[in-house]
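First up is the structure itself, then whatever we jot down about it.
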Amino acid sequence: MTCGEVIANYWLRALGHGLRALPTSDFTLCQQFTLIASGLVWNIYFGAIALLAGFFLASALALGKASPRLWLRKPSEWFIFVFRGSPLFIQFFFAYFLFLNIKGSYPEMGVLTSAGVGAAIVLFLNTAAYTGEIFYGALQSIPRGDIEAADAYGLSGWARFRRVIWPTMLRLAWPAYTNEAIFLFHATTLVFFSGFPVVQQSGDALYYARYFADKTFNPFIPYPILALYFILLTLGIIGLFGLVNRRLNRHLPQDRRARLRFRPQVIR
Amino acid sequence: MFAMCTDPDSLTQLDWMLCYLTTGKHMGLYYAFGTVLLLLALTAPAALLLGFGGAMAARSHFPPLSWLGKAYMAVVRGVPDIAFFLFFVIALDQLFELVRHKVKCPDWDTEIWQGSDFVVCPAAKLPLATSPQWVHDTYSFLIAVLTFAIVFGAFAGNVLYGAMRAVPRGQVETAEAYGMTRGQAFRRVIVPQMWVYALPGLSNLWMVLIKSTPLLFLLGLQDIVYWARELGSTQTPRFTAYPHGDWRMWYFLFLLVFYLAFTKLSEVVLGRLMLRLTRGQATLGGETQRKAAA
Amino acid sequence: MKKLILTTAALALMGTFAAAQDVVRMGTEGAYPPYNFINDAGAVDGFEIELGNELCARAGLTCEWVVNDWDSIIPNLVSGNYDTIIAGMSITDERDEVIDFTQNYLQPQPSAYVGLTDDAALIEGTVAAQVSTIHAGAVAASGATLLEFSTPDETIAAVRGGEADAVFADKDYLVPLVEASGGELTFIGEDVMLGGGVGMGVRESDTALKDTMNAAITSMKEDGSLNALIVKWFGEEAPLF
């Protein structure tokens, strides 16, 4: 097989398309680059979906934790504590166990035990907890002047939240949120590593890297390829979040923008 | 452990449980808690040191050194820790042996890489093949500490680099006005003040470090998650005096409680430390403390 | 001249290496009864531990056991962190390219399917196997849908929970589980033969150790003590030498 054929056969392998049999002998660099890249689809899918859905739950959790009402504050605090205080490893274990039991009682919910749905839910809850804590920290450090100014303009309730508090919270939380996004994408490698089963050898980038490391007995080629892909992915995330950051801070004078870069509040 | 444990089949539930939880295999689990705590205790200062070095290098006015510091932080932070652990330990071990080989056996004339084999002279082996088992155990433990420190040092470096820049410009200008050199200003003004800015980031790093210990088994150590899996899995009567079904859930529940408790404890201690560091600082928190005291 | 003498000395050292090296480190997985496992006392135990200790005694070597994760068991051998792999490892061509094997100390071992009912259609459905084993490879090459788990326990749990129709693994691993399940689990269909027997893995450059171990295995085969060990751990029906 030439390299072009390898790419044509395997670039969608992680989604179950293309040649069904993985290479079993005469391994080439081309095969390793192609298959590990195809697995990256899963990492991006898990990361993107958890990040998008987690963003909204995180906003709610941050407001809940900052709320003066006990029945809103306590559940938010506990949710954040449990998901931030335990290894993702153990969360996957319990989630898979729970999903199996749900499937036993309600077979129509069987889709939960597949990685595509089940693991995405766990990652969603996990990142919502971490992001919720970041947003809560940002909420606490909104300058009083901003809120006083909003009051002076006669804004209150929902309007004040939407037009002043929420944008300021995002602006302050953004650098830490960028870090959280990077960590989330890294954490997606745990899904198939320990947690959810791999169906028909359609796994993530780490699954294929392990496959090659196991077949060639040489960890020094597939894992550095995987590392390279993840460095590129990380750079992509930093670039994308940087664009949003610039938009969030566009009203500030140039020198204050630079200062706002550093907020070591929360990283994972 | 207890005399009655010689015949587990005859025991009642409570005694059976007591004997079961004190088998040698369970001692491995309890021992592993010590290993994990010791690893955390050693990794934290080592990572801080590496991070400090990385941040210093990144601040350097000598471009290659600055690039090196920045590249270290950017590259290591960009790679998932699992991927790093899966090949880095072997690479690190080979690097050490290679250096020792060059020093100790300069006249060795066979190839070091023979096919896929990595063969150095016996005197360069780390540890020596003749060393007792505890030396091997200690060595793999220290390699694991070093690997963890390299990964978390990159994150710590990033936090410290930011903290050094967060020290208010006016403080450094004042130091310059007093005639301090750049090095003096760094040592006497920036380093003592940067901790209050670095602590939130470092606290979080500590929390992440605690939760990454389940990856220790990839580094050749038998950590608590390894033992929980091993002990919790289905045990058939042929190979144990204490057969049971799939009990992994209970062991993982125990680990969950351990991690949550450890996180809570860390939060309390770090909270106090933050309070202590904020004292007398020109920040909002420091100001609040001053007013409260007055 | 000095250089020449030193080189000769080094060569002499190498020649006597196998004899002088009195500690051999044996790598095993410790999670695969009856081949190797951790017993109640927390020590490694099993067929291969007893075999390895006997081989070392016959060869006049001191052996130390090292437990290593299955995934990195070969990379750590070639990197020199231990000297042999004795972990139920089937002799396959792809492994043989990277490491050397001694002669086999077990005949090719049967693999088998286990499910909740003895229905041959099940092995065409969803089959669970441990990731990176020859079983996973065999299922992937068959018509069944492969479900890979990271540990063997999870494959069994998947069958019990209905996630998979059957599990495919070494029969020796499955027999005690089927026995202990009280009729819940059952074998499906005929046994399948995979691999070329189980041998001890050594570095390709370590021919001295390989020869020593080969001689010890031969002596155990000749006096029948190997067969006795196989019967003790695998039962009367296990194929003997």
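Note on naming: letters A, B, ... go to the chains in the order of the sequence lines (proteins, then strands), and numbering restarts at 1 for each one.
The aromatic rings of C:Tyr173 and C:Tyr32 lie parallel to each other, their planes meeting at an angle below 30°, with 60° marking the opposite boundary.
C:Leu147 touches chain A through backbone and side chain together, each having a heavy atom under 4.5 Å away. Neither the backbone nor the side chain of C:Val78 comes within less than 4.5 Å of any heavy atom in chain A. Of the two parts of C:Ala144, only the backbone, made up of N, CA, C and O, holds a non-hydrogen atom closer than 4.5 Å to a non-hydrogen atom of chain A. Proximity to chain A involves both the backbone and the side chain of C:Ala140, based on heavy atoms less than 4.5 angstrom apart. Proximity to chain C (any heavy atom under 4.5 Å) is restricted, for A:Thr216, to the backbone atoms N, CA, C and O.
Counting heavy-atom neighbours within 6.0 Å of A:Phe97 CZ, excluding the residue itself, gives a total of 12 or less.
A donor-acceptor pair shorter than 3.5 Å can be found between the side chains of C:Thr218 and C:Gln103. A:Asn43 and A:Tyr229 share no side-chain donor-acceptor pair at under 3.5 Å.
Put simply, of A:Tyr207, A:Tyr211, A:Phe220, the one with the most heavy-atom pairs under 4.5 Å next to chain C is A:Tyr207. With chain C as the partner, the residue from A:Phe192, A:Phe193, A:Tyr96 showing the most heavy-atom pairs under 4.5 Å is A:Tyr96. Across A:Ala21, A:Pro197, A:Gly104, A:Gly195, the residue that shares the most heavy-atom pairs under 4.5 angstrom with chain C is A:Pro197.
Between C:Ile156 and C:Leu185, some side-chain heavy-atom pair lies under the 4.5 Å cut-off.
A donor-acceptor contact shorter than 3.5 Å is absent between the side chain of C:Ser79 and the backbone of C:Asn81.
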